[in-house]
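Below is one structure; the comments refer to it alone.
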Amino acid sequence: MHASVFDIVGPVMIGPSSSHTAGAARIGRMGRRLLKEPVREATILLYGSFLMTYHGHGTDRAILAGLMDMGVGDVRIRDSFHYAQEAGIRYTFGEAHLRQAHPNTVVMHLVGESGRQVDMQACSVGGGAIRVEKLNGLPVSFTGQEHTLIIPHLDQPGKIAAVTNCAASFGVNIGSMSVFRDRAGGTAVMIMETDGEPREQMLEWMRALPGVEDVIFIPREA
Amino acid sequence: MDHPFDYGSVKELVQLAAGGKISDVVLGCQAHEDEVEPQAVLERMQGMLDVMRESVKDGMQPGMRSNSGMVGGQAYQLSQAVAEGKTVSDSFLGRMEAMALSVAECNACMGRIVAAPTAGSCGILPGSLFSCQEKYGYGDAQLVRALLTAAGIGRIIAEKASISGAEGGCQAECGTAAAMAAAAMVELRGGSPEDCAAAVSLTLMNMMGLVCDPMGGLVEVPCVYRNVAGVVNAVAAADMALSGIRPPLDCDDVIETMGQVGRMIPESLRETGLGGCAACKSCSK
């Protein structure tokens, strides 16, 4: 069987809802990690059930808490508006106009302290699990349940081989991998789930490969 | 005891536990799966129990309110009525009801809880375990064992049926939590693995078909009250099982049937906030 006893008795979380509160906090934290630096500005757009019930479920507070790198069991989630103000984060909430999406969807535009930007769309799929569906305009699909590497790169021959060779030379096993792109020869992104936690040196080597724009590591939640 | 394998059904769990306890098997399998010593699993589960205990206290405040204002402060109200002898049930069952309500209200008011198995049904295990601790004086080590038994049952239900209200209605959330609590209490009271299985069957039979119909789509009404109903159902099933009552249905069949019934429940009654209590005329504001 898949589930651990701690999936059944657990996780420790701030209520009231695993999908609308814990999942929302996880989406926020995923945004913070994809940005790789503290958030300075955030535009957060909600869709479907998230839009209809965000106040009662604290979905807005949970997303904002996640953007400040708080985990699902962090009691500061309740007062995240206060902490965001203290941290000088500018944020706005609004309605996402999407044609077809999962009922618990968030669209976010984030700007970091150095000006780095991230655009993403993610949904909370139940039980606190999430899925990122768009990243900087590219359709993607990843959950963050395993150690995950996000690697934007140029869509040219040999880039995937170079990156996977690099992983091999560091003895890192790739459990699953997918590649997404907007058009042939444009920007693409590799999503890799690895068995072990990769060392910082491997990430540096990958970043130095020609055609690799960035390497973002999202560690599995403990 | 070493169990280098997993269990996939209640039948297997009971067989593996022959002559011992269900918690022994669940502990052995989890330690094996995580490649850790059993002590590490016990310590981690003690951490869950500690958070549960805090959530009982946190929810027991008179002035607490949820974001919507529909719930909060009612666990305090109930515990006062129990203490003053105004209730039908005695202090044991009354305290259990109040503690289950307290954790459920703590969750509704954005407090810190342990999902067991879900946030919406988080009051049932803490209410059952801590009121048994008060009455019978069990130590935390025994409650941790009981939580393992509960979790073992919950794993099987999650695999063979569902623990999600959106998939299977409230029977899958509060029903599962109550079945887990019934098994936990049976083991605490010295019942056999077979008694635990009977308690699971009886609980799920008695909560079969319960729909998920939250007002405004929020985890508040009737969710917090269903946590109270859940502990009472768990106690009733545990009592019957400990007396030797055996329903003429196999426990694994009852679990699978619960899953099938869940799939027959119309979508309006599966956590959409469109039917049932959520659609009562008096509910629309």
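Proteins come first, then strands; the chains are lettered A, B, ... in the order of their sequence lines, and each starts at number 1. Here the structure is a predicted model, which is why all the values come from computation and not from measurement.
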Side chain, backbone, both or neither of [X] within contact of chain A (heavy atoms, under 4.5 Å):
{"X": "B/M45", "value": "both"}
{"X": "B/A158", "value": "side chain"}
{"X": "B/I156", "value": "both"}
{"X": "B/V51", "value": "side chain"}
{"X": "B/C109", "value": "backbone"}

Heavy-atom pairs under 4.5 Å with chain B, option from A/G58, A/P16, A/G127 with the top count: A/P16

B/I163 and A/I8, any side-chain heavy atoms less than 4.5 Å apart: yes

Side chain to side chain, B/I113 and A/V12, heavy atoms closer than 4.5 Å: no

Within residues 62-84 of chain A, residues adjacent to chain B where the heavy-atom gap is under 4.5 Å: A/G73, A/V75, A/I77, A/R78

Interface residues of residues 18-33 of chain A facing chain B - non-hydrogen atoms under 4.5 Å apart: A/S18, A/T21

Rounded to the nearest 0.5 Å, what separates atom [atom1] in [X] from atom [atom2] in [Y]?
{"X": "B/M110", "Y": "A/S17", "atom1": "CE", "atom2": "OG", "value": "10.0 Å"}
{"X": "B/D34", "Y": "A/F6", "atom1": "CG", "atom2": "CZ", "value": "7.0 Å"}
{"X": "B/N67", "Y": "A/T59", "atom1": "CG", "atom2": "OG1", "value": "9.5 Å"}
{"X": "B/E33", "Y": "A/S4", "atom1": "CD", "atom2": "OG", "value": "8.0 Å"}

[atom1]/[X]: more than 12 non-hydrogen atoms of other groups inside 6.0 Å:
{"X": "A/E200", "atom1": "CD", "answer": "yes"}
{"X": "B/Q15", "atom1": "CD", "answer": "yes"}
{"X": "A/M177", "atom1": "CE", "answer": "yes"}
{"X": "B/E35", "atom1": "CD", "answer": "no"}
{"X": "A/Y54", "atom1": "OH", "answer": "no"}
{"X": "B/E267", "atom1": "CD", "answer": "no"}
{"X": "A/K134", "atom1": "NZ", "answer": "no"}

Minimum-distance pair of heavy atoms, taken over all atoms of B/A151 and A/V9: CB-CG2, 3.8 Å

Leading residue by heavy atom contact count with chain A [cutoff under 4.5 Å; candidates B/A115, B/A119, B/A116]: B/A115

Test item: B/R155 side-chain N/O and A/V5 main-chain N/O as donor-acceptor pair under 3.5 Å: no

